[in-house]
Amino acid sequence: MTDDVILQVKDLKAYFKLDEGLLKAVDGVSFDLRKGETLGIVGESGSGKSVTNLAIMKLIPTPPGRIAGGQVIFDGKDLIPMNDNEIRQIRGNKISMIFQDPMTSLNPFLRISTQMVETIVLHQGLDKKAAKEKAIEMLKLAGIPAPENRIDQYPHQFSGGMRQRVMIAMALSCNPEILIADEPTTALDVTIQAQILELINELSQRLGTAVILITHSLGVVAGMCDNICVMYAGRVVEKGSADEIFADPKHPYTVGLIKSVPRLDKENKQRLYSIPGQPPNVINLPECCPFFPRCDRAMDICKSKYPPVADLGNGRTVSCWLYGEGK
Amino acid sequence: MTRFIVRRLLSTIPTLFVIITLSFFLIRMAPGGPFAREKKVPPEILQNLLKKYHMDEPLPQQYFRYLGDVLRFDLGPSFKYKDQTVNDLLGTTFPVSLTLGVMALAVATFLGVLVGIISALKQNKWQDYAAMSVAVLGISIPLFVVGPVLMLVFALILDWLPTSGWIGSRAGWATVVMPVMTLMLPPFAYIARMSRGSIIEVIRSDYVRTARAKGLKENVVITKHVLKGALLPVVTYLGPAFAGIVTGSVVVERIFDIPGIGKIFVQSAFNRDYTVIMGDVIVYSLILISANFIVDVLYGILDPRITYK
């Protein structure tokens with residue numbers, strides 16, 4: 001099982017030093033990504049899911065942020081101690097990223113061709129002409145009509161959904177092994193969201209790219225992901241295969257999340273469930289389970305100690321005092 | 001684009017017309033006149049003078065006569081500088097101010113952008129603090145202090161440069177150095193602060209993060225992805241700054257004894273030298289209008305989101 005793991009994140013920590021105190025945006029996150037797998041990272045705003053992935057690419061703005069510990073093992077090598085030159089060989093080439101807001105993620109002053117060609121020339125060593133042909137081919141794959149004309153246009157001449165297609169084409173243009181999609185549909189219309197997710201799904205399968213899909217929507221995850229990491233306050237609280245987590249969520253937070261998904265197949269006239277309270281402020285977080293103030297099954301121990309990771313077998317883990325040795 | 005350019009060029013005609021009309025009547029409304037002296041001029045002589053310069057005619061008639069002259073590019077005779085036409089006066093002094101101004105602004109832009117980039121990339125480090133301190137000094141120290149201090153150090157103590165004069169004098173191009181250094185200081189400081197601020201803003205933008213995520217080298221990220229967007233505000237500033245700087249700095253021209261347009265500008269106002277004032281106004285507006293026009297066209301070229309119809 002472990003030999004087809006292509007990315008191993010071990011105890012990754014990313015802290016931000018702010019005026020208000022130390023913000024532990026990511027505090028000991030671990031997960032594995034297998035070849036061709038789609039992994040969903042789910043959590044509320046501020047749970048650290050985006051920072052986790054910026055940290056993998058070493059794109060955290062420093063200062064104020066820094067990677068405070070952990071390992072990111074890709075291709076047998078740890079990315080964290082790499083220098084700028086080495087990590088640049090990985091970025092955009094082996095691991096590429098698409099971001100939340102396609103309206104601002106493309107450079108408004110440069111033609112699409114310029115932005116795509118520079119990446120391909122850099123990583124694939126093609127000349128400009130061949131790189132442009134490759135770029136056109138990628139745009140076609142990404143469902144852009146008349147790509148040979150549109151490639152010379154500027155980003156503002158594209159709609160939001162089309163720009164995200166361009167971002168996807170650009171991210172996949174160097175045949176990366178991993179695609180990190182950071183809330184790729186949050187800024188888009190609902191009708192476009194499904195198309196973009198379908199596109200990511202289809203292209204990643206065709207090209208054999210593993211995908212890390214960051215989202216706050218369990219509905220998105222359910223349709224696409226093989227495995228899921230649920231994050232809360234900078235840590236992974238539950239991990240496992242998508243089927244198992246949906247069938248039998250363990251952590252009270254995951255239970256709450258699943259209950260909050262609106263469903264059309266159930267005939268009920270009840271109000272949609274929502275988890276009470278607010279996500280915690282992760283600045284100067286005390287050493288407790290950060291979810292206990294909102295948890296309906298909280299016990300005394302939750303208020304004083306962070307729960308250890310309980311291994312439930314079959315790749316399923318959960319951090320909650322209700323399970324494992326703490327029980 | 002061509003249609004935009006033609007339309008903009010045509011629109012300068014009514015603008016200039018309004019400026020000329022307003023200035024013409026406003027100047028005449030000011031008390032005094034070109035021949036008002038402490039010592040009274042005998043009435044017969046005054047009458048002759050007024051007649052010679054057509055000032056005995058009713059104001060509207062004078063106005064239309066002036067408009068007609070302007071259309072033939074004749075700005076009339078000066079009332080104060082004997083035997084010189086306004087065309088002569090501006091023709092000899094304006095090129096001097098233009099040369100000085102263009103050099104000062106070129107140096108200011110180059111150094112300002114350079115310092116702005118360094119400051120932005122070394123944000124909150126000593127290089128940034130040092131550069132921004134210089135910039136604050138540049139904005140706050142008046143030119144009549146900077147000029148004499150430079151003169152004292154480089155001309156009198158070190159004896160490297162001539163104290164005053166202009167290119168035509170014996171010292172030649174060496175005369176240019178100190179006036180340019182002095183005149184470029186405020187725009188340099190302003191450009192440095194402005195470019196630093198906008199570079200810092202752009203560096204944090206999403207599309208720069210994308211560029212880094214693609215694995216581009218940092219210098220490519222800066223030159224290709226950051227600078228183009230970040231320097232647009234500088235281009236905007238250059239338009240009016242150009243008009244201001246080439247129409248002469250009275251202070252710098254006085255300190256370094258430069259035969260530029262600034263001196264004439266001020267003296268004509270004191271002398272109520274109507275035709276010279278009008279000439280100054282026309283030159284200044286023409287430069288301001290064309291500078292802004294060039295900035296607009298540049299904007300269209302630099303920012304693809306702007307389209308002119």
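Reckoned from all heavy atoms, side chains included, excluding hydrogens, waters and symmetry mates. All chains are named by letter (A, B, ...) in the order of the sequence lines, taking the proteins before the strands, and each is independently numbered beginning at 1.
For the atom pair A:Leu110 CG and B:His225 NE2, the distance stands at 5.5 Å (nearest 0.5 Å). A distance of 10.0 Å separates CG in B:Leu216 from CD in A:Gln115, rounded to the nearest 0.5 Å. Summarising the geometry, atom CZ belonging to B:Arg305 is positioned 12.0 Å from atom CD belonging to A:Gln157; distances are rounded to the nearest 0.5 Å. For the atom pair CG of A:Leu54 and CZ of B:Arg212, the computed distance is 11.5 Å after rounding to the nearest 0.5 Å. Here CG of B:Leu231 is found 10.0 Å from CZ of A:Phe109. Values are rounded to the nearest 0.5 Å.
Under a cut-off of 6.0 angstrom, the local environment of CD in A:Gln124 is crowded, with over 12 non-hydrogen atoms contributed by other residues, nucleotides or ligands. No more than 12 heavy-atom neighbours from other residues, nucleotides or ligands sit within 6.0 angstrom of OH on B:Tyr190. Enclosure of atom NZ in A:Lys94 is not indicated, since only 12 or fewer non-hydrogen atoms of other residues, nucleotides or ligands lie within 6.0 angstrom. Counted within 6.0 Å of NZ on A:Lys134, heavy atoms from surrounding residues, nucleotides or ligands total more than 12; the atom is thus considered enclosed.
In this structure, B:Thr210 contributes its side chain and A:Ser105 its backbone to a donor-acceptor pair below 3.5 Å. Side chain of B:Lys214 to main chain of A:Ala171: no donor-acceptor pair is present (N/O by atom type, distance under 3.5 Å, no hydrogens or angles).
Residue A:Met103: no heavy atom, backbone or side chain, is found under 4.5 Å from chain B. B:Leu232 touches chain A through its side chain: at least one heavy atom from C-beta onward sits under 4.5 Å away, while N, CA, C and O do not. For chain B, the nearby part of A:Leu122 is the side chain; its heavy atoms alone come within less than 4.5 Å.
Side-chain contact between B:Asp206 and A:Phe99 is absent, with no heavy-atom pair separated by less than 4.5 Å.
Top candidate by heavy-atom pairs under 4.5 Å with chain A, chosen from B:Gln123, B:Arg209, B:Lys228, is B:Arg209.
Across all non-hydrogen atoms, the minimal contact from A:Pro108 to B:Pro304 is O-CG, 3.2 Å. The heavy-atom pair separating B:Gly215 from A:His123 by the smallest distance is CA-NE2, 4.2 Å.
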